[in-house]
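Reviewing the structure listed below.
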Amino acid sequence: MEKLKLYNTLHRKKEEFKPIEPEKVKLYTCGLTVYDYAHIGNLRTYIFEDVLKRTLQYNNYDILHVMNITDIGHLTSDADEGQDKMVLSAKKEHKSVWKIAEHYTKAFEKDLKNLNILFPDYHVKATEEIEAMIDLIKRIEDNGYTYQSRGNVYFDISKCEDYGKLANLDLDNLQAGARIEVDNAKKNPHDFVLWFTKSKFDDQEMKWDSPWGKGYPGWHIECAAISTKYLGDHFDIHCGGIDHIPVHHTNEIAQAEAATGEKWVNYWLHGEFLIFKHHKMSKSRNEFLTLETLKEKDYSPLVYRYFCLGAHYRKKLNFSYESLDSARESLKRIRDKIVHIEDNLDTSFGDAQYIKKLKGDFISQINNDLNMPGALAVMWEVLKTDKIGNKEKYDLLMDFDKVLGLRLEDSRRIIKQKKQEKVNTDLVEKLIKEREEAREKKNWSKADEIREKLDNLGVEVRDGAKGTEWRIK
RNA sequence: GGCGACAUAGCCAAGUGGCUAAGGCGGGGGUCUGCAAAAUCCCUAUUCCCCGGUUCGAAUCCGGGUGUCGCCUCCA
């Protein structure tokens, strides 16, 4: 069997995956900051991580998966400048920050469910792990990597031997403050805050006691503390969006390795952006689409999932409604074919060699750094081939869907549900019956008239040997 | 200014040194059908942004252009 290879950002190349413990994978994925709805660009990353997790499962690994929820407000910079997104959102909506966090956490979890994303074993709120963060900061402090300045505790990157190794940062030539002013309380512009006691927001609701005074944690400490608490000082895979490489993940590594004195994570995987109108989709750009927006436009979450599977996770993906239409059409055909296969499961033939080849092709695609476009091509070959029977097709497709996560086993139910949502099925059935009667009498003009009527309802009529079937267009 | 990506058909998108450049959508044609739809079959890139180079051989490697994007504030 083709071995699983993953692109490790740490070494900028594909590497064979070898877990720390045999058969077990400890996986950490950065979660969402819950001050607003997740947009479909955010969700692309969670789909990629889900595919990773499913591929690991397909390779027979047991997975321990942890994801955080950033429900603490964070300033837009360590310099205590800019706006706290949580606070801002709370003010805008006239709610407490706690309520804001709760609302958007629920919405996010609903999105994950709709996208058929497997839930993490632990979905951890940052606000419930303050103690773990304080403990980690203490360890970092004990090892001499911190200093205090103007009330805040800073991480001193000059104490790190290899700060920036993940991102290949060239600190001498990085223009810190190219876009914002540098916090002059810092010794080095790239130092970052571990614990704040000062905030320009007097009404900051979220504050906790700490050895350094009442305040709140810096952003990067959260993931480092939560991941090491649940997965240990050394674990297998850490994922996130590509934007996290230079700052967030770089700082997480600095903190964790300063605390433990040993190598932290073996494999770093990063998902590329979703591009919308020539730019990455972003909240600040103020034109972002949510899963709900897509649903309103009649694109189901699984259509979006299929759309994302159409591109490799390390490549930018251009979003357009034209492409989404294409994904919707493809998924509709897949489901129709599966229903057809289910209805004719009695055919069973095909040589074992060919079946083995199909399965082998699929594995070599997913195990080649999660090449999902390639995996989909194999799925289409199964759907279309006449070299194997329906029984064999069905088994292969359901097996592949463990990784694809398109809920193919539910095809029939999804089609039925769509019918019930869109039209009055009793009325449609009645019209279909009338039309069949008209057709028997060869009253074509009446039959066509009814077909026209159904067409206007959004119903597509299919006359076949076994009678007339119908689908929502 | 520094760093990092990317450029493959009408659209989306695999492939990264060697059989006919995957697959999906769209389009064209045939079969089927009362006519349609669906299904099915066939066709739809002599060529991979441009110019050089390496090589028996390059979309794939190297150099130089051009263009687009991302990061260096928070961000998936």
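For clarity, every value in this text was computed on a predicted model and none was experimentally measured. These numbers come from the heavy atoms of this one structure, side chains and all, not from hydrogens, waters or symmetry mates. Just so we're on the same page: letters track the sequence lines, and every chain starts at 1.
- Across all strands shown, B:A7 forms a Watson-Crick or G-U wobble pair, both distances under 3.5 Å, with B:U66.
- Proximity of A:N318 to the phosphate of B:A13: a side-chain N or O atom is located under 4.0 Å from OP1 or OP2.
- Contact annotation: A:H312 does not reach the phosphate of B:A13 (side-chain N/O to OP1 or OP2, under 4.0 Å).
- Pair check for B:C71 finds B:G2; Watson-Crick or G-U wobble, both atom distances under 3.5 Å.
- For the pair A:K384 and B:G23, the criterion of a side-chain N or O lying under 4.0 Å from OP1 or OP2 is not met.
- Closest approach to the A:T45 side chain among B:A76, B:A39, B:G34 is made by B:A76 (side chain taken as heavy atoms from C-beta onward).
- Using atom C1' as the reference point in both B:U55 and B:C62, the two lie 12 Å apart (nearest Å).
- When both pairing distances are held under 3.5 Å, B:U47 makes no Watson-Crick or G-U pair with any nucleotide shown.
- Pairing for B:A21 is absent, judged as Watson-Crick or G-U wobble with the two contacts each under 3.5 Å.
- OP1 or OP2 of B:G34 has not a single side-chain nitrogen or oxygen of A:K446 nearer than 4.0 Å.
- Note: A:F108 and A:Y46 have perpendicular aromatic rings, judged against thresholds of 30 and 60 degrees for the angle between ring planes.
- In this structure, A:H248 and A:H220 have tilted ring planes: the angle between them lies in the 30° to 60° band.
- In this entry the distance linking NZ of A:K280 with P of B:C71 reads 4 Å, nearest Å.
- Residue A:R333 places at least one side-chain N or O closer than 4.0 Å to OP1 or OP2 of B:G26.
- Annotation: cation-pi geometry not satisfied between A:R44 and A:F273 (NZ/CZ under 6.0 angstrom from ring centroid, within 45° of ring axis).
- Between A:W268 and A:H270, the ring planes lie parallel to each other; the angle is under 30°, not in the 30° to 60° tilted range.
- With both pairing distances under 3.5 Å, B:U54 is matched to nothing as a Watson-Crick or G-U wobble pair.
- A:K110 has a carboxylate O that lies under 4.0 Å from a charged side-chain N of A:E292, or vice versa, which qualifies the two as a salt bridge.
- Separating the CD atom of A:E272 from the P atom of B:U68 is a distance of 18 Å, rounded to the nearest angstrom.
- Summarising the base pairing, B:A59 is matched to no nucleotide, lacking a Watson-Crick or G-U wobble pair whose two defining distances lie under 3.5 Å.
- With a cut-off of 3.5 Å on both Watson-Crick or G-U wobble distances, the partner of B:A39 is given as B:U31.
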